[in-house]
Amino acid sequence: MKKRNNLNRIIALMLSLVLVFTMTGCGSQSNDDAITTEETTVEAVADTDTDASAETIAETIEYHSELVNGDFETQDFEGWTVEESSSGVVNVQTDDWATVNTSYFAKMYSYAGGSFTLSQYILVEEAGTYVGGIYYEGSSTFEGTLTFYVLVNDVEVAALDITPTLDWDVWTTAITDEIVVEAGDVVTIRISGELGADDWGDIDNVVFVAASEKDSIEASNAGVSGEASASDSSSDDPLGGASEDYGVSPEEANWDIQEVGATGSGSIDFSGITYNGTVINDGDWIKGVDVSSLISLEKSGVVYYNADGEEEDLLAILKDAGVNYVRVRVWNDPYAEGEEKTPENSYGGGVCDLAYTCEIAERCAELGLTLYVDFHYSDFWSDPSRSYAPKAWADYSLEEKQAAIAEYTTEALEQIAATGVDIGIVSVGNETNSYLAGESGMENIAQLIAAGCEAVREFDDSILIAVHFTSPDPTTYYGYANMLAAAGADYDIFSSSYYPFWHGTLENLTESLNGVAQAFGKLTMIAEYSYGTSGAYGDEVEDVFGTPSEDGQVQAITVLNEAAAQIDYCIGTFYWEPAWILTSSDTWASEGSGWINTPAAEYDLANSTVSEAQGSACYNEALFDADGNPYKAITEEVFNQIWTDGE
């Protein structure tokens, strides 16, 4: 192990000297003065020489008057002593996909197995009763061990087994029994992990606080993510901070939305949607896919095969399988600052700049597929955990960002439209629960969205304008819609991501979107969903959507679309990245075809410690195998089964 200091050795020496000093008769010590591990109570040794020794030793080590950086929000291990069997076993990062904890945390992982220890030392200033606490998650197949220790004067007084068992995005709080300490005691907080091959886990919110604060630890963890905090705030105020409730009943509003106009048919119960006199998508249920990474995948050498085993254009394969709409994300400037705009200088994630978008748009035009443009208004991923302003807008005020969004939206749509594609939907922002273009708080976010909506409407008033959120909740979604109304945002579709393994029940999804549709007269849509062919999601999810497998994917796509068709004014769904398979590892950097490339570290502070490019994070949810062969969702044409388009 790589030892950063010798605290344990020093304290052990101190205690040995104390023991020798006591045994030689230079001051007797009663049983009441001894360390009592059964009661997890440690009393200071009364001898004045011992107190002086403790102070001297404390001056030779890095110690704190209280535990620091237990939440790792410094984005590093400041305040901690790190020991690891090899470099990189434990790092500080965030999770782009998480919904429970979107803050920074310590990530442990080892490909072949390894070990680590994080330690921090506290010189107690105030005697009292304390507890230690930690927040953790990890693989349900974790083969090693993970333990949270508290030591007082190098004597173990608490050891909690925090070996994870519940898998990703299921966090657990662990709290020690009460521990009594005296002023001058040295408390060691230690997390030790022995990892088996491919074990992974995350820890966060490590605390050592007065026992009176014990009840607040779990409550604090419940609000750890930016997303959860937003929900909590909206739950307290259903209007999301708006001074007026803008929701009205359909009867009062007399909205021009009718559930008529269907031209096709299928297993779902869909009557079509006629909106302001226009039949949406020619009367057909939208069966969309997001293939934003396509160009980078093809540049990485990926090819795709149709149901007959023949190599074919991915978009043609998807269209034959029943897909009728394509979604693409757009990043402003996803390249290292000051460098040539090449894939190897890109942030990765499929590159997804305007040029790549236009290339996909042109191919959609040739095949008659309608386009859904998803503006992130960022140079890289924009989601509930962060949305950094584009580099060019870094110093802009809110008002300047509004103007920049309007200008960029117009210019981008002009270039996309020039390809000849039919732009059917434009999303002003992506999963904008907490952030957009460097702004936080729904009041500011709503003003940016309003500016984008106005630009789209002025460009082409036949385009449907979408807003996009995630983690459905009835009160929260109502609050978002109310704030958008207060800001004067002129949009048509209130859309939501819905990943069955993260986002609760279908009943909750339905209630969340119905509330907005009924009170604000908006169309609804599922902007993102997917399901895996491997892994485990738990009985509650799998009983509804199926075991992760090819058959499970078919079942999940069917069940989700059938449920979505029952949501008020819902026009369709979009499967997220059905073709983003793992490419050769060297192409993650050379073509930007993985989840992230190293140049992103300079821009994406949530991933500032990334030292090498990473591959697709969702390959197990693709509808193709690692060689580009289609799974049953394609070969059995599940999208055509759900809905066969009319003529």
Side-chain angles (χ1 to χ4, degrees), residues 1-24 26-27 29-70 77 79-84 115-134 145-162 174-194 203 206-209 211:
M1 290 212 173
K2 300 179 179 177
K3 303 229 174 188
R4 307 282 175 90
N5 64 51
N6 294 312
L7 174 66
N8 293 341
R9 192 174 301 167
I10 294 171
I11 293 181
L13 176 60
M14 178 192 76
L15 292 176
S16 298
L17 291 172
V18 171
L19 181 59
V20 170
F21 184 72
T22 303
M23 292 178 66
T24 56
C26 299
Q29 182 175 325
S30 70
N31 290 334
D32 290 338
D33 293 326
I35 296 171
T36 308
T37 56
E38 290 180 351
E39 297 176 357
T40 63
T41 301
V42 180
E43 298 184 4
V45 179
D47 193 283
T48 56
D49 290 341
T50 301
D51 291 340
S53 297
E55 291 176 5
T56 302
I57 290 171
E59 290 174 357
T60 68
I61 63 172
E62 181 183 3
Y63 70 98
H64 310 278
S65 59
E66 60 183 12
L67 193 140
V68 300
N69 195 28
F77 287 113
W80 292 91
T81 296
V82 182
E83 304 174 16
E84 46 190 352
S115 60
F116 77 93
T117 299
L118 300 179
S119 302
Q120 192 168 145
Y121 312 102
I122 305 166
L123 183 61
V124 177
E125 294 184 346
E126 184 175 346
T129 305
Y130 292 78
V131 293
I134 191 168
T145 59
L146 186 62
T147 310
F148 176 61
Y149 295 100
V150 179
L151 299 87
V152 179
N153 298 332
D154 209 33
V155 175
E156 180 185 303
V157 296
L160 300 180
D161 181 2
I162 57 170
I175 303 173
T176 69
D177 291 336
E178 294 182 357
I179 301 168
V180 178
V181 297
E182 299 293 339
D185 284 347
V186 176
V187 173
T188 305
I189 303 297
R190 178 170 298 146
I191 303 103
S192 294
E194 295 289 338
I203 55 175
V206 184
V207 296
F208 186 71
V209 296

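The basis for the numbers below is simple: all heavy atoms, side chains too, and nothing from hydrogens, waters or symmetry mates.
Of the possible polar contacts, one joining the T176 side chain to the G132 backbone as a donor-acceptor pair under 3.5 Å is found. With hydrogens and angles ignored, the 3.5 Å screen pairs no side-chain donor or acceptor of D161 with any backbone N or O of T147.
When every heavy atom of Y130 is checked against every heavy atom of G128, the shortest pair comes out as CD1-O, 3.5 Å. Nearest heavy atoms, Q120 versus E66: OE1-O, 4.1 Å. In this structure, A127 and E182 approach most closely via the heavy-atom pair CB-OE1, 3.5 Å. Annotation for V206 and L67: closest pair O-CD2, 3.2 Å, computed over non-hydrogen atoms. In plain terms, the two heavy atoms of S192 and T117 that are nearest each other are OG-OG1, 3.4 Å. Residues A158 and I179 approach most closely at CB-CD1, 4.2 Å, considering heavy atoms.
Looking at V157 and V181, their side chains never come closer than 4.5 Å, going by heavy atoms from C-beta outward. Contact of the W80 side chain with the R190 side chain is not registered, since no non-hydrogen atoms from C-beta on lie closer than 4.5 Å. Taking 4.5 Å as the limit, some side-chain heavy atom of V82 sits within range of a side-chain heavy atom of L118.
Here the NE2 atom belonging to H64 is positioned 9.0 Å from the CG atom belonging to N69, to the nearest 0.5 angstrom. Of the inter-residue distances, the one linking N153 atom CG with D185 atom CG reads 4.5 Å to the nearest 0.5 angstrom. Rounding to the nearest 0.5 Å gives a distance of 12.0 Å between CD1 of I134 and OH of Y149. Here the OH atom belonging to Y121 is positioned 9.5 Å from the CG atom belonging to L151, to the nearest 0.5 angstrom. Here the OH-OG1 distance, from Y63 to T188, works out to 14.0 Å after rounding to the nearest 0.5 Å. Atom CD1 in I162 sits 10.0 Å away from atom OG1 in T145 (nearest 0.5 Å).
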Verdict with supporting geometry, D177 and V131, side chain to side chain contact (heavy atoms under 4.5 Å, CB included): CA-CA 6 Å; D177 291 336; V131 293; over 6 Å; no
